[in-house]
Every structure is written in structure tokens, then in C-alpha cells.
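Whatever order the structure lists them in is the order used to number ligands and atoms, beginning at 1.
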Amino acid sequence: VSGPRFDVIDPPSREAVEDCVHCGFCLPSCPTYLLWGEEMDSPRGRIDLVAARLDGAPVDDAFVGHIDACLGCLACVTACPSGVRYDRIVEPTRAQIERARRRGPGERALRALLFALFPRPERLRSLRPLLAAGYRSGMSRRFARWGRRRVPALATLAELLPAPDGAPGPPPESAPVGPERLRAGLVTGCVQAALLPRVNLATARVLAAAGARVLSPEGQGCCGALSLHAGRREEARRYARRLIDAFATAPGGVAPDVIVTNAAGCGTAMRGYGELLAEDAAYRAAAAGFAERVRDVTEVLVRLGRPPATRRTGPPRRVAYQDACHLAHGQGVRQPPRDLLAGLPGVQLLELPEPDICCGSAGVHNLLQPATGRELGDRKAALVIASGADVVATGNPGCLLQLQAALHRAGSPVEVRHVVELLGDALPPAAAGSACPPGGRSPVA
Ligand code: SF4
Ligand code: SF4
């Protein structure tokens, strides 16, 4: 059979493929298998498809469809008793597809738009007036409804992008409350920095309250997670090098003890920098050193001890915690956010059914595969509503926006917050006042 084949650049790991013993334990945790019950849309089926391509089968439309449909949520990695590293299979496979196949004009234009926009916080920032006007006038919601069948990806984009909050200033930095216990370099991200600055601000405040000096170097740019998960590995490497350089010259001239992120997808990507840049002699050591220091903000807070004397901020609330896939499955961080939330005064922590199933966000997957993203989002929203929660908390901006859109569609008043926002709300005024708002900086020793 003719057709393009895999090339020799960065092939998917044959070792990982051969580790699969076809037991099927991963199937119930795979969101696409859950939706469609189709073997080729399960982890086991996709591994078989990749094995055939490693043996020379062509990269045909059917293969591309099954790989494109994978959310990259890594629930199968958690579920697999044989330790199959599916991430080492799917990410290089996506890169092979991008090299082997030329996508249709509509798909190319959409990908070009998304990758020109999302990894560029300054461009996202320039959308703020438009988004604010769209929300004020109701146009965003009307366009989302009108475009759902005509231009589903753009309609989903209009539904997901939030009404901008706060004012995006320079990256937040904070002096520690009390003795300095840690220097934390904050990765400010793209969507978070441009459209959800309140989350970065809350991150800086809670870290400072726990005794960390928070440093946010300028010129960070994107961490490369979106590019990496979409098979744009060279682009991801360029972003990774730039971020490593930005933190090598952190304010104060001393490298941070830890690199802190409040975005699960970014955390997984950055923890993989050692592998991503393993062949780059100039960056290999720096990438490995950087990756070793990456921590989710909740891990750092648990290590430092909860921020001082949190206060109750209103009536008791039932808070459901939704694991971000790249936090739970990608980094194994499950307990720290739960411990922090459960320790808040007046909070009753709820567990949701199907905790391992993706909310449908998965980076830009919900824009590239809008119908799947919507179905999974609606499924998750129904579970949140049925739980009786007042608030659902998560640890990733993509999940936050996805849950917000799905709950809005369902007409639900359940609030969606980042974990650090709830922690920040509960800080006593003295601790809360010690961090700098966007636009101002504490002196950094
Ligand atoms: S990464 Fe997620 S969607 Fe893809 S095969 Fe694994 S469980 Fe299924
Ligand atoms: S659980 Fe692991 S070994 Fe079993 S089919 Fe899935 S990937 Fe293969």
C-alpha cells in the first residue's frame, strides 16, 4: 500500500510499544473509549496502530483520525499495570504525522491561528478589549451559539475565552511574609498571564504568605506545552530554551530554588525538558536541571506548610476538586491540592465520580476536536452539578475555562476557581497585603 511512512526523526518509543501486553486495564479510563466504545480509539488500539506504522504501514487518514482524537490526557499511563509510557508513544507520533501529512486548508488555517495566538501572551493580551466588549454586548455568547454548527472551532473559542479580569501588569513578584524560606521562580504562562491575571496574583500571594520570595523573570514566553502536545516538537524546543534562559537570569541574580507553575499542562511539559532537549548539547544539562526543580504550586505550599492562619470567608461551601489530567496523570500530584482545600475553614471537600476522566479541555484539543470536547465538558458539568457543589476547583487554566463554559451551557451557578484563588481568598488581610498587585513590585534582595 502506498502512502507516507514514519521517518527516522524522533520515532515513537518501540520499547514503550512493546511493553503493552494488551490486558485492556486502561480501557475504562480512556475518555474516547468511554464515549465511543471503539477499540481503535482506546490506548491499546492506538498502540497497535503505532506498532504497525513502526513496522512500515502508511500514515493514512484513518490512523491520523484515531491519533488526532486522543486527548493526550495520560489517564492510560496511570491505569496501566505494566507501566507503558504512552506519552513516549503519542507525542512523537503526532510529530511524525505533522511531517508526513499535509492537512486540509481549513485545518491548517485553524492550527496556524491557534499556534500564533495561544503561546503568545502579548497577542492574547491585545484581545482583551475585544473580549471585554464581546462580553459586555453579549456578542461572544451569541456568536458561540450561532457558530456552533457553522464554525465549531471558532464558536468554541468564543465560548471559552473569558471576559478578561483584573489588569495584566508585569509578572507578580512578592517578598516573603516573615523569614525567607524559599526562592520560587513563577512561570506566569500564556492564557493565565494575559486573561486570568488574578490566578498568578493569587499564586504569588499564597506563596509569599507561606514564606517564599516569588520571582517572575520578564521575557518568559510560552513553556511549549501546547506545541509539544500537538506534535510541534521543534517549536516546543525553541520555547523551552527561551524559558530556561529567562530563569537562568532571574531577578536578583540568584537562580530560584524551585520553578513553580499553577498550570498543570505546563508542569508536565517542563518536567520533560530533560528528554525534550536531550540531543541539544548546549542545553542538555540546563534543561535537566530546570526540569528537576519544577513543582506545582500546591506541592510547594504543602512543603512549606499551609499559609498562615487562614480565615473563613463566608458561609460554609462545598468544594468539588477536579483533577487536571496533567497534574494527576502527568505529574502524580493528587493529594496536595486536596489537603490544601480540605484545610480551608468552612470548606467541605467533595470528590467527583469519574475523577480520572478528562474534562475535555486537553490543551487546544477542545478547539481542534470541538464536538468531543463539548461532550466531555457536558458530562463533567453534569457530575459537578449532581455532586451538590457550590464551587469546583481545579489546577489548570484550560480546565478552568472548559468547566466554566460547560457549566454556563448547563445554566448552572456553580463557581469555577483555581485552587490558589480559594487559598488566596482565605488569607488574613496582613498576609494578603504583602504581595504586590500587577503593576508594582516588591524590592527583591
Ligand atoms: S491519552 Fe487519554 S485519550 Fe489518549 S489513549 Fe490515553 S486515556 Fe485515551
Ligand atoms: S493497560 Fe497497559 S499493557 Fe494493558 S492494554 Fe493498556 S497500555 Fe497495554
Inset, instruction - Answer with side chain, backbone, both or neither: which part of Leu27 has a heavy atom less than 4.0 angstrom from an atom of ligand 2? - result: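 Under 4.0 Å from ligand 2, Leu27 contributes no heavy atoms.
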
Got a salt bridge between [X] and [Y], using NZ or NE/NH1/NH2 to carboxylate O under 4.0 Å?
| X | Y | answer |
| --- | --- | --- |
| Arg379 | Glu354 | yes |
| Asp378 | Arg409 | yes |
| Arg237 | Glu234 | yes |
| Arg88 | Glu275 | yes |

Inset, instruction - Check whether any N, O or S atom of Cys26, backbone or side chain, sits closer than 2.8 Å to atom 6 (Fe) of ligand 1. - result: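 Of the N, O and S atoms in Cys26, none lies under 2.8 Å from atom 6 (Fe) of ligand 1, which means no.
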
Legend entry - Aromatic Tyr86 / basic Arg46 pairing, under 6.0 angstrom, 45° off normal: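 So Arg46 doesn't make the cation-pi contact.
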
Legend entry - Side-chain H-bond candidate by donor/acceptor type, Asn396 with Thr394, under 3.5 Å: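 Side-chain D/A pair, Asn396 to Thr394: absent.
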
Inset, instruction - Would you check if there is a donor-acceptor pair between the side chains of Asp296 and Asn262 at a distance under 3.5 Å? - result: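 The criterion, which ignores hydrogens and geometry beyond distance, is not satisfied for Asp296 and Asn262.
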
Inset, instruction - Go through ligand 1 atom by atom and flag the ones less than 4.0 Å from a non-hydrogen atom of Leu71. - result: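 Listed by number with element, the hits are 3 (S), 4 (Fe).
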
Legend entry - Contacting atoms of ligand 1, where contact means under 4.0 angstrom from a heavy atom of Arg46: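 Within the 4.0 Å cut-off of Arg46, ligand 1 contributes 3 (S), 4 (Fe), 5 (S), 8 (Fe).
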
Inset, instruction - For Pro81 and ligand 2, answer yes if some heavy atom of the residue is under 4.0 Å from a ligand atom, otherwise no. - result: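 Pro81: in contact with ligand 2 (<4.0 Å).
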
Inset, instruction - Tell me, please: is Gly24 in heavy-atom contact with ligand 2, that is, under 4.0 Å? - result: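 Right, Gly24 reaches ligand 2.
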
Please identify which atoms of ligand 2 are closer than 4.0 Å to at least one heavy atom of [X].
| X | answer |
| --- | --- |
| Cys80 | 1 (S), 2 (Fe), 3 (S), 7 (S) |
| His22 | 5 (S), 8 (Fe) |
| Ile47 | 7 (S) |
| Cys23 | 1 (S), 3 (S), 4 (Fe), 5 (S) |

Legend entry - Any N, O or S atom of Cys76 closer than 2.8 Å to atom 4 (Fe) of ligand 1: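 Within the cut-off used here (under 2.8 Å), Cys76 places no N, O or S atom near atom 4 (Fe) of ligand 1.
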
Inset, instruction - Look only at the side chain of Arg101 and the backbone of Arg99, and say whether a donor-acceptor pair between them is shorter than 3.5 Å. - result: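 Answer holds: no.
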
Inset, instruction - Check each heavy atom of Tyr33 against ligand 1 and say whether those closer than 4.0 Å belong to the side chain, the backbone, both or neither. - result: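 It is neither; nothing of Tyr33 touches ligand 1.
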
